[in-house]
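Here the structure is laid out as structure tokens; the discussion comes afterwards.
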Amino acid sequence: MAEVYNHREVEEKWQKVWDDEKAFKTSDDYSKPKYYALVEFPYPSGQGLHVGHPRPYTALDIVARKRRMQGYNVLYPMGWDAFGLPTENYAIKNHIHPKIVTENNVVRFKNQLHSLGYSFDWDREINTTDPNYYKWTQWIFLKLFKAGLAYKSEMPINWCTSCKVGLANEEVVNGVCERCGSEVVRKVKSQWMLKITEYADKLIQGLDTVDYVEKVKVSQKNWIGKSTGAEVDFSIKDKEDKLRIYTTRCDTLFGVTYMVVSPEHPIIDKYQAELKNWDEITAYREQAARKSDFERAELAKDKTGVKIDGMTAINPVNGKEIPIFISDYVLMSYGTGAIMAVPAHDERDWDFAKKFNLPIIEVVAGGKNVQEEVYTDVATGTLVNSGFLDGMNVADAKKKMIEFLEEKGIGTAKTNFKLRDWVFSRQRYWGEPIPIVHCEKCGYVPIDESELPLELPEVESYMPTDNGESPIALMTDWVNATCPCCGGPAKRETDTMPQWAGSSWYFLRYTDPTNTEALASKEALEYWMPVDWYNGGMEHTTLHLLYSRFWHKFLYDQKVVPCPEPYAKRTSHGMILGSNGEKMSKSRGNVVNPDDIVRDYGADTLRTYEMFIGAFDLSASWSEDGVKGCRRFLERVWKLQDIMTDGDDYSKDLEIKMHQTIKKVSYDFENLKYNTAIAAMMALINEFYKKNAVTKGEFKTLLTLLNPVAPHITEELWQAVGFEGRVYQTTWPEYDEAKTVESVVEIAVQINGKTKATLNIGKDDPKDEVIAKAKEVIADKLTGTIVKEIYVPGRIVNIVQK
RNA sequence: GCUGGUGUGGCGGAAUGGCAGACGCAUCAGACUCAAAAUCUGACGAGUUCACGCUCGUGCGGGUUCAAGUCCCGCCACCAGCACCA
């Protein structure tokens, strides 16, 4: 009788063995086939790990461990994405330097991860706040700057009128400042921008070459939002100026009954003197300035706007005079900041026209009364009331109209993207300094590469200044510099980079984390890149994933990296919710700390449960009872020692089951179906217990299959039973396809699609024979005329009778 | 409002168009125990029947098919993200 399963003893023992043996150190032997598995590195927050973190880490740990058993040289690294707002705010509140806060949090996180038995190669740990790391983040920025992809632009920031600081979107709650509850307005500030839009097409095209889960591809495509349409100039009555609009529906130009410009549109200020309702316009603009783009969207149900009194436009295709409105549903940041409105065929325009009593002219006929209901179907409609377009379908009309516009010189075909350039500066302390100086004579000048890393200065207070500058701006010693260009006095850029910067290239650094000459050696990059499998949260699909692909593509163009896409495969995991089905959060009181689960049930139980909890890509609710069930499963595995019999082979009656299980587990581990892989192993041990016996060979296979999920207990049993070496060094079991199929199968016999009986047949029995047998079994129920007989081999017989 | 996703027993969830509910939890019954816990064995979608059975059943309404949780059309609810994208 073996001892009872003491998870604490077992887990501590094997974690120490793995550390001592450097069990999961990545080899520098580039002759072996490589496998690079990557999970998004965490932000080391003060709360420590929560139970959502281990889900993706365990999933790819399973893949990494399996790959090692299959003979690959595996890179499965971990690090810290440690710059950013929460740490800075914590530092301000508690008067501890963010560097210290980060160090403490990292220690805590690392201990927690270690206690879960992950096979990370800790020798390759990285930290984005380490100057040796951010030296290369700055180096990439300089490359971007020199390539003309970094530029300065006036951009609005959230400005708290009371705290007098810029706020992140996250810090603005319901339009007021999170800290003080005062009003937040949008204030324009000169910001560093990165021209991600330059790569918009490449970022879309690249998606065809990678293996991402479909919804991630769709999100990226929609976010980039390529659209083809036309820019058209509308004359302003009695003025030189034209109002340029962008439209995807130039076929509907004859249906334009008014125009709308964004409240920020420069044309308004230009003709201020001639506008008769300036006060009304000003009031509306002030109101709009208080809203974020998102709030504008949210409040969109009730359209607002003001008619510009004193300025009208001329529809270029029919010469009609039309009114111009300002409304905040038109954004300055997309297109030209002005639109033509076709209420008959655009939902927002229709709503707006109804509210302001504007005419609705049908130009695409499709059977609906456009006075009652908007008609937006482009597939079946026919052009009407549209002069030379009448009778055409929408697609032809678009082409014809573009020809016409270009011929007359009033418009051109134009591709547009939703994607905007990346606002790259933050008026904050805890980020990478931007390695630029500003010289009165030479303008913005990059510092020399030899001066990198440009280290963050030690400051007394991290509090943003009341004029909206970064706290670093108060450090005159640091700020005053000499211009690398003319040698004259210059001032350093005091804004810092956003948190996204460090995470946009970290996967490159893991391949060669201590290199001082380059962000990584050519050899390391050529061997390891691209990442073979990258898993992360859906919430990072549009920002982090897109930003890092952008940087990678840029570095590829700069010949720094050897491949155009950083990640060959991308999957994403679902969130772990509290036991009440809500998002885990302190305020809801439903947070589960993994430390408690590790202490009470063990890391192996936690790992097993997190994989068994449900479909990997869907969210799942936490259940302590579910944890217990997984613990029970491991106990049952433990107690298999007691019923183990000699024999290296599989027993005859379980041979098929063994081969089926190896096949299923192997397949499921590769396809995000960890829950059914574990279910298959549970079903297998249920078979052992039914027989009250497990052969040595069967046990060995089970331990190997289970090892990636529950590495400690399997290693302990492996040793206890007397198998050689370590499980983690063993070879992944193989199966024989021929032995996964039962020779006798039970099939269902149906009449008109309803199962009436079952029948045992040989798997290769001919159709006629099977149907004859089936008819015998249900003879008493065959009372009508048989019209059809269907046999799906090995599955089902269906007799259709009338 | 837009985009993406999800709806299956008491619960978490399984199901290449082919016997819905694998596996687990909870519950109930039995075994073991002085007893409880643990463990082991069995039952476990709903209605109906003494029973063999029969009928219904995968958010709702239609459709395709010999056969639909799965495919198509139209809805509803919930979750997540968001930059009203012209």
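Chain letters run A, B, ... following the sequence lines, proteins first, then strands; residues in each count from 1. These figures come from a predicted structure and were not determined experimentally.
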**Request:** Looking only at side-chain atoms of Arg348(A), point me to the closest of A86(B), C23(B), C66(B).
**Result:** A86(B)
**Request:** Could you say whether Tyr689(A) or Phe417(A) is positioned toward the 5' end of RNA chain B, judged by the nucleotide with the nearest heavy atom to each?
**Result:** Tyr689(A)
**Message:** Work out how far the C1' atom of G10(B) is from that of G21(B), and round it to whole angstrom.
**Reply:** 14 Å
**Asked** Does Arg636(A) place a side-chain N or O at less than 4.0 Å from the phosphate oxygens OP1/OP2 of C40(B)?
**Response** yes
**Request:** Give a yes/no answer on whether the side chain of Arg632(A) brings an N or O atom under 4.0 Å of OP1 or OP2 in U39(B).
**Result:** yes
**Asked** Looking only at N and O atoms, is any donor in the side chain of Glu746(A) or the base of C19(B) less than 3.5 Å from an acceptor on the other one?
**Response** yes
**Request:** Please work out whether G81(B) sits syn or anti, treating a glycosidic angle within 90° of 0 as syn.
**Result:** anti
**Asked** Is there a side-chain polar atom (N or O) of Lys673(A) under 4.0 Å from OP1 or OP2 of A15(B)?
**Response** yes
**Asked** So does Glu776(A) pair up with Lys773(A), basic N to acidic O under 4.0 Å?
**Response** no
**Prompt:** Under 3.5 Å, is there an N or O donor on one side and an acceptor on the other linking the side chain of Asn798(A) and the base of C66(B)?
**Reply:** yes
**Asked** Would you call Glu40(A)-Arg570(A) a salt bridge at under 4.0 Å N-O?
**Response** yes
**Asked** Within the pair Ser227(A) and A86(B), is there a side-chain N or O less than 4.0 Å away from OP1 or OP2?
**Response** yes
**Request:** Using the closest heavy atom to pick a nucleotide of RNA chain B for each, name whichever of Lys628(A) or Leu543(A) lands nearer the 5' end.
**Result:** Lys628(A)
**Message:** If you only use heavy atoms from C-beta on, which nucleotide in C56(B), A83(B), C66(B) is closest to the side chain of Leu331(A)?
**Reply:** A83(B)
**Asked** Counting side-chain heavy atoms from C-beta on, which of U16(B), C84(B), C66(B) comes nearest to Ile790(A)?
**Response** C66(B)
**Request:** Could you check which of C66(B), U6(B), U16(B) has an atom nearest any side-chain atom of Leu618(A)?
**Result:** U6(B)
**Request:** Give the nucleotide from the list G12(B), C19(B), G4(B) with an atom nearest to the side chain of Phe612(A).
**Result:** G12(B)
